[in-house]
Novice: 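This is the structure I want to talk about, given as structure tokens.
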Number of protein chains: 2
Amino acid sequence: MKMSDRKKKILQIVVDEYINTAVPVSSKSIAEKHLTDVSSATVRNELASLEELGYLTQFHTSGGRVPSPQAYRFYIEELMQKGNLSDSDLDYIDRAFADKSHDVEHLIKSVSEVISELTDYTSVAIGPHADAETVRRLSLLPCGDGRALLVIMTSERILRDSFIEIPENMTDEDLDSASRMIGKLFAGKPLSEIRETGEAAIAEFGQYRQVMREVVDALKSYARPREEDVVLTGADKIFNHPEYEDIGNVKNFLTVLSSKDKLADIIEGENDEIQINVKIGSSGDKDVPDDCSVVTATYSAGGKNLGTYGVIGPIRMDYPKVIAVLENVGKALEELAKSRKKEKDKCDHEQEGK
Amino acid sequence: MKMSDRKKKILQIVVDEYINTAVPVSSKSIAEKHLTDVSSATVRNELASLEELGYLTQFHTSGGRVPSPQAYRFYIEELMQKGNLSDSDLDYIDRAFADKSHDVEHLIKSVSEVISELTDYTSVAIGPHADAETVRRLSLLPCGDGRALLVIMTSERILRDSFIEIPENMTDEDLDSASRMIGKLFAGKPLSEIRETGEAAIAEFGQYRQVMREVVDALKSYARPREEDVVLTGADKIFNHPEYEDIGNVKNFLTVLSSKDKLADIIEGENDEIQINVKIGSSGDKDVPDDCSVVTATYSAGGKNLGTYGVIGPIRMDYPKVIAVLENVGKALEELAKSRKKEKDKCDHEQEGK
DNA sequence: TGTTAGCACTTAAAGGTGGAGAGTGCTAAC
DNA sequence: GTTAGCACTCTCCACCTTTAAGTGCTAACA
């Protein structure tokens with residue numbers, strides 16, 4: 001059976017209507033409100049046929065139709081009318097990023113908050129992979145209890161959460177010179193490369209071999225997003241959506257949210273290439289609950305990854321709005337990255353001139 | 001009306017029973033299971049009198065009795081039989097703290113997890129106030145973008161989350177010497193004192209006055225527990241308790257949990273002196289929801305505050321178990337603090353000998 | 001005076017009934 | 001291909017009845 005234009009139109013109406021009202025859509029309401037040139041009986045025939053094609057389901061014979069996951073996918077690909085944000089929403093985004101300090105961590109948090117606030121869904125954000133950033137400076141600060149704090153300044157931020165063990169007989173001065181040597185060796189290289197080639201370098205690193213090994217080991221923890229890099233905002237937003245009036249669904253949902261590790265998997269997925277990625281229901285992804293959709297966007301500017309941000313909520317999600325928000329936040333982030341780059345370049349230039 | 005021994009006994013039975021079953025307690029069940037020497041009619045008389053005294057309430061005439069907040073308070077003060085933990089619970093605690101690294105942050109997280117796991121309630125933990133700790137070492141690491149990372153080693157841990165702005169014309173060497181000077185000045189002093197007297201010191205700090213001001217300002221943020229110092233574990237545990245089958249209650253509960261700032265207020269309160277503190281219902285505390293109890297313990301060893309830990313859940317809480325867990329975790333923490341102190345002393349001694 | 005048996009009373013919860021309303025599927029006519 | 005008409009199905013709600021649980025009260029008892 002072919003998808004006639006009228007079928008598409010009706011399917012679009014059903015999805016739009018259901019997204020807005022959460023009430024199964026009837027043939028009568030379609031004929032009255034949207035397709036005034038045909039009767040409800042005609043619509044009924046089309047609905048029956050759409051159901052046969054797998055786009056619609058009914059809970060019971062007299063209950064109107066509800067879109068299937070397949071329908072949402074089709075809707076997003078072909079039918080959806082891109083939403084425009086209201087002026088006040090656009091304003092909100094602008095203001096949120098206007099006076100942000102330079103911190104990547106804070107920025108990620110802000111992005112997550114903005115997305116959750118504007119979409120009214122739970123938002124998840126993962127910052128850029130430190131992995132791809134290059135080392136600018138590396139310091140080892142003695143802690144006095146056999147450990148040292150490893151602080152790495154990368155091209156994008158400061159990593160300061162790793163501790164390494166240091167040999168008992170090592171003095172602060174030793175540590176300092178080890179720190180300089182290692183810093184010099186790694187400067188300009190991306191973390192990922194250090195992790196891979198680091199092993200080989202350890203052998204040649206006579207005196208401070210053990211410290212070197214600890215540093216390389218510590219870098220391994222940056223291969224995956226760390227717990228503190230996964231930001232969750234607006235978990236309580238689910239209560240604003242009628243599908244979560246059922247306690248079982250709430251429980252299910254919150255259980256997924258409680259493991260940041262799983263969340264990271266859900267959000268990151270394999271969306272390196274696509275800009276916006278939509279997972280509806282359990283599209284084979286074991287970690288996404290059956291009754292949830294996940295919409296994510298991976299941002300980048302000038303070849304640089306700016307992180308992955310998204311929304312998790314019921315399948316009946318306001319996709320036009322969510323996608324519009326993600327796109328506009330993306331634009332704002334790009335702008336920000338650009339203006340920062342300019343600033344940095346200017347700054348670097350000045351330093352050279354000195 | 002006086003509280004006869006029998007009344008007390010009956011009240012205790014009602015509370016115990018209700019805690020365990022969550023079902024209103026009837027006169028018949030009491031007479032049959034616990035007070036076999038009197039009839040249900042006698043128990044009924046006593047129950048009516050306890051109700052008059054404000055200890056019991058009924059939802060409807062044929063519904064059995066339920067303890068009032070007042071009854072729980074009386075129960076905890078006078079009636080409760082202290083619970084003993086099972087061997088496996090005790091084991092669990094021991095194992096959890098056996099091989100913990102030195103990190104205060106990790107320890108707090110572990111404590112919170114252990115408490116939530118053993119009690120089956122949502123647990124909140126706030127680490128010791130950095131505020132009271134003394135400075136051992138202070139470093140300013142240049143970040144290269146007009147900022148510096150302020151790393152402070154205190155007697156207990158490493159604080160590494162503050163950034164300060166530095167003057168444009170300041171070189172890395174300048175920063176380093178400023179760092180040394182400020183470090184020397186503050187060494188051995190508690191953060192709280194620096195915060196208070198710091199203002200005065202700024203004036204005398206000629207050349208590096210601006211940096212000094214930034215440092216003193218940054219320290220102010222340690223006066224209150226920071227967001228990352230408030231650890232929440234097992235939010236989903238509430239689903240294991242029947243009072244949270246009602247979606248409204250869940251919403252209410254989760255809303256409170258979503259603000260770490262409010263949580264900190266709830267947990268910390270004014271329990272500096274008491275070891276274990278129980279708030280039942282809204283005991284005047286505006287932030288605690290009416291239908292919630294909060295049990296907290298503030299630990300200390302050798303005069304040193306080890307943090308405040310607790311449990312938040314329904315008023316019908318298993319107080320004997322919760323209190324037993326908090327007590328035993330407290331003991332374990334004390335042990336840990338002691339053995340660490342020994343280690344540290346030994347370590348310091350060796351260093352002196354060198 | 002405290003305790004008890006007995007009984008009437010109250011209430012929630014569960015189950016059944018019937019009508020109203022919504023929506024469909026089908027058929028026959030256009 | 002479209003439509004009007006109608007029988008059919010199903011939910012929802014209001015109402016009722018029954019059942020079980022538990023109480024309060026009273027009168028008798030030790």
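In what follows, every heavy atom counts, from backbone to side chain, and hydrogens, waters and symmetry copies are set aside. In what follows, every chain begins at residue 1, and chains take the letters A, B, ... in the order their sequences are listed.
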Novice: Map every base of DNA chain C to its dot-bracket character, where paired means a Watson-Crick or G-U wobble contact with both distances under 3.5 Å and | marks a partner outside the strand.
Specialist: ||||||||||||||||||||||||||||||
Novice: Who pairs with B:S293 by side chain to side chain donor-acceptor pair (under 3.5 Å), at least two apart in sequence or on another chain?
Specialist: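 Once residues adjacent in sequence are excluded, the partners of B:S293 under the side chain to side chain donor-acceptor pair (under 3.5 Å) criterion are B:Y319.
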Novice: Can a donor-acceptor pair be found between the side chains of B:T298 and B:T308 at a distance below 3.5 Å?
Specialist: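 Yes, a side-chain donor-acceptor pair sits under 3.5 Å.
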Novice: Taking only residues two or more places apart in sequence, or in another chain, which ones meet A:D318 in a side chain to side chain donor-acceptor pair (under 3.5 Å)?
Specialist: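 None.
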Novice: Could you tell me how the ring of A:Y55 sits relative to the ring of A:F74: parallel (under 30°), tilted (30 to 60°) or perpendicular (over 60°)?
Specialist: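 Tilted.
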Novice: In residues 30-48 of chain B, which ones come under 4.0 Å of DNA chain C, going by heavy atoms?
Specialist: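 Contacting residues: B:D37, B:V38, B:S39, B:A41, B:T42, B:R44, B:N45.
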Novice: Judged by atom type as modelled, is there a donor-acceptor pair below 3.5 Å linking the side chain of B:S29 to the main-chain atoms of B:S26?
Specialist: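 Checking the backbone N and O of B:S26 against the side chain of B:S29, a donor-acceptor pair under 3.5 Å is found.
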Novice: For residues 80-90 of chain B, pull every pair meeting salt bridge (charged side-chain N to carboxylate O under 4.0 Å, His left out), keeping only residues two or more places apart or in separate chains.
Specialist: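 The answer is B:K82-B:E327, B:D89-B:K321.
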Novice: C:dT4 C1' sits how many Å from B:R6 CZ, rounded?
Specialist: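 Taking atom C1' of C:dT4 as the reference, CZ of B:R6 is at 12 Å.
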Novice: What residues form a side chain to side chain donor-acceptor pair (under 3.5 Å) with B:E245, not counting sequence neighbours?
Specialist: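 Listed in chain order: nothing, the list is empty.
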Novice: Per the side-chain hydrogen bond (donor to acceptor under 3.5 Å, both in side chains) rule, what does the pair list look like for residues 252-264 of chain A, sequence neighbours excluded?
Specialist: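 As it turns out, the side-chain hydrogen bond (donor to acceptor under 3.5 Å, both in side chains) pairs with a partner in residues 252-264 of chain A, which skip direct neighbours, are A:R224-A:D261.
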Novice: Taking DNA chain C as the partner, which of residues 58-67 of chain B come within under 4.0 angstrom of it by heavy atom?
Specialist: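 Nucleic-acid contacts, sorted: B:H60, B:T61, B:S62.
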Novice: My understanding is that only residues two or more places apart in sequence, or in another chain, count here; which of them pass salt bridge (Lys or Arg N to Asp or Glu O under 4.0 Å) with B:K8?
Specialist: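 By the salt bridge (Lys or Arg N to Asp or Glu O under 4.0 Å) rule, B:K8 matches B:E78.
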Novice: Chain A on DNA chain D: first and last contacting nucleotide, 5' to 3', under 4.0 Å to a heavy atom?
Specialist: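 Here the contact window of chain A covers D:dT2 to D:dT11.
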Novice: Write out all pairs satisfying salt bridge (charged side-chain N to carboxylate O under 4.0 Å, His left out) with one or both partners inside residues 18-37 of chain B, taking only residues at least two apart or from two chains.
Specialist: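 Matches after skipping sequence neighbours: B:E17-B:K33.
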Novice: Can you name the residues that form a side chain to side chain donor-acceptor pair (under 3.5 Å) with B:D120, not counting sequence neighbours?
Specialist: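 Only B:N240 meet the side chain to side chain donor-acceptor pair (under 3.5 Å) criterion with B:D120.
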Novice: What about the rings of B:Y244 and B:F239, do their centers lie closer together than 6.0 Å?
Specialist: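 No, they do not, as the ring centres are separated by 6.0 Å or more.
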